[in-house]
Enquirer: 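My questions all concern the structure below.
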Amino acid sequence: MLNFITGGVCAAQGFRAGGIHVGVKTHAAWKKDVALIVSDEDCACAAVYTKNAVKAAHIHVDKRHLADGKARAAVINSGNANACAPMGEENAERVCAAAGKALGCRPEDVVVAATGVIGQTLNVAVIEQGMPELCAAAHTAAGSDAAAHAIMTTDTVKKELAVETVIGGKTVRMGGIAKGSGMIHPNMGTMLCFLTTDCAISSEMIKSALLETVQVSFNRISVDGDTSTNDTCCVLANGLAGNPVITEKGPDYDAFVEALRALCVELAKKMASDGEGATHLITCTVTGAGSEQSAETVAKSVIGSALTKAAIFGADANWGRVLCAMGYSGEDFNPDKVDVAFQSQAGSVQVCAKGRGLDFDEDLAKRVLTEHDVTIAITMGEGDSSCTCWGCDLTYEYVKINGDYRT
């Protein structure tokens with residue numbers, strides 16, 4: 001049975017974490033700005049990255065370090081993206097070298113990530129100087145909480161979860177921390193996510209599981225349509241749960257994917273809900289599609305629509321925005337078969353049937369759309385496939401946050 005538990009990245013056996021302030025964020029000396037996650041044992045490790053052609057320096061470094069599918073630790077800084085920056089890869093390697101020296105492992109067994117302002121030289125010296133303190137601060141009690149806070153930029157809440165399940169007769173735990181609030185769009189966003197598990201699984205199978213999971217979680221959210229330069233999702237597995245090693249697809253692999261998917265979907269929803277300036281989490285469910293891919297394309301188009309997002313912000317049941325976004329999604333469908341309803345804890349109101357508007361209770365619609373969690377339910381009438389994607393509304397505060405993000 002799958003259960004959500006506490007502990008974040010420290011829920012799994014043999015993992016420690018921590019976060020401290022070293023000075024990457026010079027404007028806020030009280031904010032943690034570097035995080036560490038480390039395992040007592042070597043880990044099978046896999047990662048996926050942004051599809052943006054412009055990539056942060058750490059991505060190139062991590063691809064080299066993970067060529068063997070192994071890692072021991074991860075170091076993440078906030079306040080500086082180390083993207084399009086002078087000496088970017090050199091500075092990323094220096095972070096790995098400092099961590100390797102302090103932890104007693106090879107620099108190549110350290111993965112690194114960064115988030116923050118693009119184009120500015122990373123003050124790597126303060127990270128190097130603070131590395132011994134960071135490693136000493138890594139522990140299992142409050143470590144995940146500290147690490148989760150250290151990777152935040154414009155996030156308003158930390159994003160931390162863990163799950164527990166049974167695989168191969170053994171209790172297996174996995175946990176994660178993530179950051180992401182703006183520059184979030186399908187195919188990853190300004191998001192960083194680090195996942196840990198004590199499951200015994202091969203490097204090949206953990207990579208396969210991660211690719212499957214990202215497609216139906218982080219790649220199904222959107223905040224603002226901007227795909228970032230720094231997106232990274234990394235998972236480490238140290239095998240301390242003692243289950244038979246998963247080396248091929250089968251029941252144990254399926255159980256692993258189920259737990260990983262549950263974890264990542266909830267972390268993805270936390271990102272969408274915490275979109276910069278957001279006041280609503282928007283869930284778009286598409287049913288009756290000709291294929292899952294078709295349903296996903298339509299749902300992504302709807303959650304990415306600036307006009308739809310603005311309508312939800314204003315609690316305006318403007319369902320025409322929804323059909324418009326469906327129409328330019330690129331999918332071939334018959335608009336005369338489409339039904340649309342808005343749903344929340346306040347109730348449900350159908351606003352469109354067979355592509356035509358309905359008379360509906362505007363007061364009820366306003367109450368439905370005033371709730372924080374709002375669902376746009378679309379039925380296409382084309383088949384029996386479905387998909388769910390998540391986004392947020394577009395508010396005045398989003399412009400304020402991004403109007404002076406660098407300065």
Side-chain angles (χ1 to χ4, degrees), residues 156 181-186 189 220-226 268-289 295-331 333 335-381 386-403:
T156 64
S181 188
M183 289 187 78
I184 303 290
H185 190 56
R220 287 183 174 174
I221 61 174
S222 181
V223 166
D224 51 19
D226 276 316
K269 289 167 64 177
K270 284 179 176 289
M271 288 185 199
S273 181
D274 192 32
E276 289 172 342
T279 59
H280 295 279
L281 170 65
I282 302 173
T283 299
C284 182
T285 62
V286 175
T287 58
E296 180 179 310
T297 300
V298 168
K300 283 182 178 180
S301 187
V302 171
I303 63 168
S305 162
L307 291 175
T308 301
K309 291 153 70 69
I312 299 299
F313 169 62
D316 179 13
N318 192 344
W319 60 270
R321 305 301 196 195
V322 176
L323 258 67
C324 179
M326 294 175 65
Y328 62 64
S329 67
E331 284 302 310
F333 66 95
D336 292 336
K337 295 180 179 180
V338 174
D339 297 342
V340 179
F342 294 115
Q343 303 168 349
S344 73
Q345 287 187 341
S348 176
V349 55
Q350 187 172 0
V351 292
C352 169
K354 307 304 179 186
R356 300 294 182 269
L358 299 173
D359 290 331
F360 58 89
D361 186 336
E362 289 282 1
D363 291 335
L364 173 60
K366 180 71 72 172
R367 292 196 299 273
V368 167
L369 295 178
T370 300
E371 294 289 321
H372 180 272
D373 292 6
V374 173
T375 296
I376 302 172
I378 299 168
T379 303
M380 295 185 67
S386 62
C387 179
T388 300
C389 293
W390 302 273
C392 64
D393 57 339
L394 183 61
T395 71
Y396 310 128
E397 189 64 22
Y398 178 84
V399 177
K400 290 181 181 178
I401 291 169
N402 286 284

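A quick note: this is a predicted structure, and the numbers were derived from the prediction, not measured. These values consider heavy atoms only, across backbone and side chains, with no hydrogens, waters or symmetry-generated copies. All residue numbers refer to positions in the sequence shown, counting from 1.
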Enquirer: Salt-bridged, E296 to K300, with N to O below 4.0 Å?
Expert: yes

Enquirer: Provide the closest heavy-atom pair for M326 versus I378 in the form atom of the first, atom of the second, distance.
Expert: CE-CG2, 3.7 Å

Enquirer: Roughly how far, to the nearest 0.5 Å, is the OG1 atom of T308 from the CG atom of D316?
Expert: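 Going from CG on D316 over to OG1 on T308, the span is 10.5 Å.
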
Enquirer: Identify the two heavy atoms, one from E371 and one from H280, that lie closest to each other, and give their separation to 0.1 Å.
Expert: O-ND1, 2.6 Å

Enquirer: Hey, could you give me the CG/CG distance between L364 and L369, rounded to the nearest 0.5 Å?
Expert: 9.0 Å

Enquirer: Any idea which heavy atoms bring A325 and V302 closest together, and the distance?
Expert: CB-CA, 3.9 Å

Enquirer: Could you pull out all donor-acceptor pairs under 3.5 Å where a side-chain atom in residues 349-358 meets a protein atom, sequence neighbours excluded?
Expert:
| residue | atom | partner | partner atom | Å |
| --- | --- | --- | --- | --- |
| Q350 | NE2 | C352 | O | 3.2 |
| R356 | NH1 | D336 | OD1 | 3.0 |
| R356 | NH2 | D336 | OD1 | 3.3 |

Enquirer: State, to 0.1 Å, how close S344 and D373 come at their nearest heavy-atom pair, and which atoms those are.
Expert: CB-O, 3.3 Å

Enquirer: With rounding to the nearest 0.5 angstrom, report the OH to CG distance, Y328 to L323.
Expert: 11.5 Å

Enquirer: Under the 3.5 angstrom rule, does the side chain of K309 hit a backbone N or O of C392 as a donor-acceptor pair?
Expert: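 Yes; at least one donor-acceptor contact below 3.5 Å.
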
Enquirer: Report the residues that fulfil side chain to side chain donor-acceptor pair (under 3.5 Å) with S348, sequence neighbours left out, ordered by chain and then residue number.
Expert: none

Enquirer: Atom CD1 of I282 and atom CD1 of I303: how far apart are they, to the nearest 0.5 Å?
Expert: 8.5 Å

Enquirer: Give a yes or no on whether the backbone of I312 and the side-chain of D393 come within a donor-acceptor separation of less than 3.5 Å.
Expert: no

Enquirer: Suppose we screen for side chain to side chain contact (heavy atoms under 4.5 Å, CB included). Which residues come up paired with T297, at least two apart in sequence or across chains?
Expert: Q293, S329, E331

Enquirer: Can you pull out every ring pair (Phe, Tyr, Trp, His ring centres under 6.0 Å) where at least one residue sits in residues 339-376? Sequence neighbours excluded, please.
Expert: none

Enquirer: Between L281 and S273, what is the shortest heavy-atom contact and its length?
Expert: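 Looking at all heavy atoms of both residues, the closest pair is CD1-N, 3.8 Å.
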
Enquirer: Between T370 and K366, is there a donor-acceptor pair closer than 3.5 Å when you use the side chain of the first and the backbone of the second?
Expert: yes

Enquirer: Locate the shortest heavy-atom distance separating A346 from R367; write the atom from each residue and the value.
Expert: CB-O, 3.5 Å

Enquirer: Does F313 have any ring pair (Phe, Tyr, Trp, His ring centres under 6.0 Å) partners at least two apart in sequence or in another chain, and if so, which?
Expert: Y396

Enquirer: Test of understanding: with side chain to side chain contact (heavy atoms under 4.5 Å, CB included), list the residues that count as partners of T379, not counting sequence neighbours.
Expert: T287, D339

